[in-house]
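Numbered from 1 within each chain, the chains take letters A, B, ... in sequence-line order. We use all heavy atoms of the structure for the numbers below, so side chains are in, but hydrogens, waters and symmetry mates are not. Model, not experiment: these values are computed from the prediction.
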Amino acid sequence: MPIANPAPPEESFVERVGKTRRSRYTKHVLLCLVGAVMMYPLLWMVSSSVKPNELIFTDLSLWPAKWDLGNYIDGWTALEQPFTVYLVNSFVIVVLSIVGNLVSCSLAAYGFARLRFTGRKLFFTLMLGTMMLPGHVLLVPQYIVFAKLGWLNTYYPLLVPNFLATNAFYIFLMVQFMRALPKELDDAARIDGCGPFRTFWKVIMPLCLPAFATTAIFTFISVWNEFFGPLIYLTDSELYTVPLALRQFIDSEGQSQWGQMFAMSFLSLAPVIGFFIAGQKYLVKGIATTGLK
Amino acid sequence: MTQTTLTKGPARRGAGPRRAVAGPAPGRSDARAGYLFLSPWIIGMAVLTLGPMLASLYLSFTNYNLFNTPDWIGLENYRKMFADDQFHQTVSVTLRYVLLATPLKLGAALAVAIWLTQSRRAMGLYRTAFYAPSLLGASVAMAIVWRALFADDGVQDQLTSSVGLGIGGWVGNPDYSLLMLVLLAVWQFGAPMVIFLAGLQQVPRELYEAAEVDGAGRWRRFVSVTLPMISPVIFFNLLLETVHAFQVFTSAYVISGGDGGPAGSTLFYTLHLYQRAFSDYRMGYASAMAWVLLIVVGLVTALLFRTSRAWVHYAGGSR
C-alpha cells in the first residue's frame with residue numbers, strides 16, 4: 001500500500017475532500033427529502049385536523065390558511081359515546097395488558113434463561129415456533145372458548161392471553177436480556193441461601209428493568225393500536241376502544257366529518273408518539289437485540 | 001402439576017419444601033421452580049395455542065356455525081374452498097401484496113440503513129424520523145389518513161393530475177388500490193431498518209479496510225463484505241416481514257370499509273377469513289382457510305430456511 005500510490009498527494013487530497021463534502025451534502029439533502037416524504041402523511045393529518053372542512057382537499061399547504069379548532073370539540077362528541085369513554089377503555093386495557101405481560105413473560109423468561117429442567121429445550125423451541133404462528137389459526141377456537149365462557153363483549157378475551165404469556169416475542173426479548181447477565185450472580189445468590197424465587201425477585205428482576213421498559217412500551221403501542229381483537233369481541237359501544245371508535249367515522253361517512261375524523265385520529269396517535277419519544281432508547285435497543293439474536 | 005416426577009437424575013432430595021444448601025453439582029435441576037415459573041406460559045400454551053390449533057384442525061372438517069354441534073363433512077370445506085373463485089382472488093391479492101411489499105420494504109430499509117451508517121452525525125435524528133411510522137402504520141388512524149390521502153381529490157389525486165395522469169384517487173380504483181396498501185407497508189420500513197443498522201454496525205471495520213487495500217470499489221465492497229456479513233440479519237428481516245405480510249388485516253379492512261373492495265382488489269386472505277367466520281358464521285370453512293394459511297406460511301418459512309444455507313453466512317464464534 002505505501003508504494004503503490006503514485007498519484008501526487010496534494011491534488012488527490014484536495015479532490016477527495018471536495019468530493020466527500022459534496023457527496024455528504026447531497027446525502028443530507030436526499031435524507032431530508034426522504035424524511036419529509038415520510039413525515040408528510042402525519043403532518044398532513046395534523047394540519048387537516050385544524051382546517052375547516054372545505055379547505056382540507058382544496059388547500060394543499062401544510063400551514064392552514066384558516067384555523068378551525070372546532071374539529072376537536074365537535075369530534076369529541078361526534079360518535080356514539082364521548083371520546084373520553086373510548087380513551088378510558090383503551091387506557092384500562094393497555095395498563096392491565098402491560099401488567100400481564102410483564103409478570104407472565106418475566107416469569108417464563110427466567111425459567112427459560114436461568115433454570116435447568118427436563119423439557120426446557122423442547123418448550124423453548126415450541127415458544128419460538130409460536131412467534132411465527134399466524135394468529136388466525138387460533139381465532140375460531142379461541143372465539144368459541146371465550147363464547148362458551150360467556151366472555152363475549154367483555155375485556156377478558158383481550159386481557160387473559162396477556163396474563164398467560166402468549167406473547168412469545170416479549171419472552172424472547174427478556175430471555176436474551178437475562179442470558180447476558182453473568183451466571184455468577186445466581187451462584188452467589190444461591191450460596192447466600194436464596195432459592196430460585198428470591199434470586200429472581202431480588203437479583204435478576206432489578207437488573208432487567210431495561211428489558212421490562214422495552215416490553216412495556218411495545219405492549220403499550222401494540223395494544224393501543226390493536227383492532228382485530230376488539231373488533232370481534234366487543235359489541236357495545238360503551239366498551240369500545242379508540243381504534244374501534246375511529247372506525248365509526250368511516251362507517252358513518254357523511255363526507256362532512258373529515259376534519260373531526262382527523263382531529264380524533266391525531267388524538268389517538270398522540271399517546272403513541274409520546275411514548276415513542278419518551279422510550280426511544282429502549283425501543284430501538286429492543287428490536288435491535290432481537291434482530292441480532 | 002406433576003413436575004417433581006419428571007425430574008431426572010438419581011435420588012432427588014430437593015423435592016422437599018426447602019432444599020438444604022444444594023451443592024453446585026453440574027447436573028443440578030430446578031425442576032420444581034422451573035415448571036412453576038413456566039406455569040402461566042404452559043397453561044397459555046395448552047389452552048390458548050396448542051388446544052385451539054388442534055380444535056381448528058378438527059373444525060376444518062366439519063360444518064359448524066357456532067350454534068349447531070359440529071357436523072363431520074370430511075374434506076368438503078377444502079373442496080369448496082379450492083373451487084371458489086373468491087378464494088382464488090384472495091390468494092392472488094395476498095400473494096401479489098407479499099411479493100411486492102416485502103422486497104420493496106426491505107430494499108428501502110437496507111438502502112436507508114446503509115446511508116445512515118455512512119453519516120453518523122445526524123443518524124439519531126433520522127433514525128427516529130424513519131422509525132416512527134412503523135409504530136403508527138398498523139393503526140386505524142393511519143389507515144384513515146391513508147384512505148383520505150388517496151381519495152378522489154386527495155393529495156395523491158391532485159399530484160397525479162398535475163402531471164397529467166387523471167386517474168382519480170386510488171382508493172376507488174381496482175388497479176391501484178393494492179398498490180396504495182403496498183405503499184403503506186413500505187412507509188413502515190423503519191423497523192427492519194433499525195435491525196439492519198444494528199447489523200451494519202457490527203461489521204468489523206478491518207474488513208472494509210482490507211477490501212480497500214485489495215482495490216475493491218464501493219460496489220464490490222458492498223457485495224463482497226457488507227452483504228455476506230449482514231446476511232443473517234437480512235434473513236431474519238425477510239422471514240419476519242414475509243410472515244407479517246401474509247397477515248395484513250387492519251389497513252385493508254379500514255380502507256375498504258370492511259368489504260375488500262373495490263371489486264375485491266383488496267380482499268386479503270385474512271379479510272376473507274374474517275368475513276366467512278364472523279359475517280357468515282361458517283366457522284368450519286374459516287378454520288379450513290386458517291389451516292391452509294398455516295400450511296402456506298409454514299412452507300414458505302421452511303423454504304426460506306432451506307435456501308438460507310446457501311446464502312446466509314454465519315461468522316463463527318462471534319457471540
Examine whether an atom of Tyr64(B) lies under 4.5 Å from a heavy atom of chain A, and if so say whether it belongs to the side chain, the backbone or both; otherwise answer neither.
-> side chain
Side chain, backbone, both or neither: which part of Ile232(A) has a non-hydrogen atom closer than 4.5 Å to chain B?
-> side chain
Val254(B) versus chain A, the contacting section by heavy-atom distance below 4.5 Å = both
Max heavy-atom pairs within cutoff under 4.5 Å with chain A, candidates Val145(B), Val243(B), Leu59(B), Asn237(B), goes to Val145(B)
Contacting moiety of Ile277(A), where chain B heavy atoms sit under 4.5 Å | neither
Choice from Trp146(B), Phe249(B), Phe246(B) maximising heavy atom contacts with chain A below 4.5 Å = Phe249(B)
In terms of heavy-atom proximity below 4.5 Å to chain B, should Phe146(A) be classed as side chain, backbone, both, or neither?
-> side chain
Contacting moiety of Phe196(B), where chain A heavy atoms sit under 4.5 Å | neither
Distance (rounded to the nearest 0.5 Å) between Met39(A) CE and Phe130(B) CZ = 8.0 Å
Check whether the ring centres of Phe197(A) and Phe37(B) lie less than 6.0 Å apart, and answer yes or no.
-> yes
Residue part contacting chain B, namely of Met264(A), when any heavy atom lies under 4.5 Å = neither
Result block: side-chain N/O donor-acceptor pairs under 3.5 angstrom for residues 42-58 of chain B, not counting sequence neighbours:
unit_1	atom_1	unit_2	atom_2	d
Ser56(B)	OG	Val137(A)	O	3.2
Ser56(B)	OG	Met53(B)	O	3.1
Ser56(B)	OG	Trp291(B)	NE1	2.7

Measure from the side-chain N and O atoms of Asp30(B) to the backbone N and O of Arg116(A), and report whether any donor-acceptor pair falls under 3.5 Å.
-> yes
Taking only residues two or more places apart in sequence or in another chain, which ones pass side-chain hydrogen bond (donor to acceptor under 3.5 Å, both in side chains) with His244(B)?
-> none
Quick one: what part of Leu246(A) sits under 4.5 Å from any heavy atom of chain B, side chain, backbone, both or neither?
-> both
Below 4.5 Å from any heavy atom of chain B, which atoms of Cys32(A) appear? Answer side chain, backbone, both or neither.
-> both
Side chain / backbone / both / neither for Tyr269(B) at chain A, heavy atoms under 4.5 Å | neither
Could you pull out every donor-acceptor pair under 3.5 Å between side chains of residues 265-274 of chain A and any protein atom, sequence neighbours left out?
unit_1	atom_1	unit_2	atom_2	d
Ser265(A)	OG	Met261(A)	O	2.8
Ser268(A)	OG	Ser265(A)	O	2.8

Honestly, the part of Leu294(B) sitting under 4.5 Å from a heavy atom of chain A is both
With chain B as the partner chain, list the residues of residues 223-230 of chain A whose heavy atoms fall under 4.5 Å from it, by residue number, and write 'none' if nothing qualifies.
-> Asn225(A), Phe227(A), Phe228(A)
Please state whether the side chain, the backbone, both or neither of Val34(A) comes within less than 4.5 Å of a heavy atom of chain B.
-> both
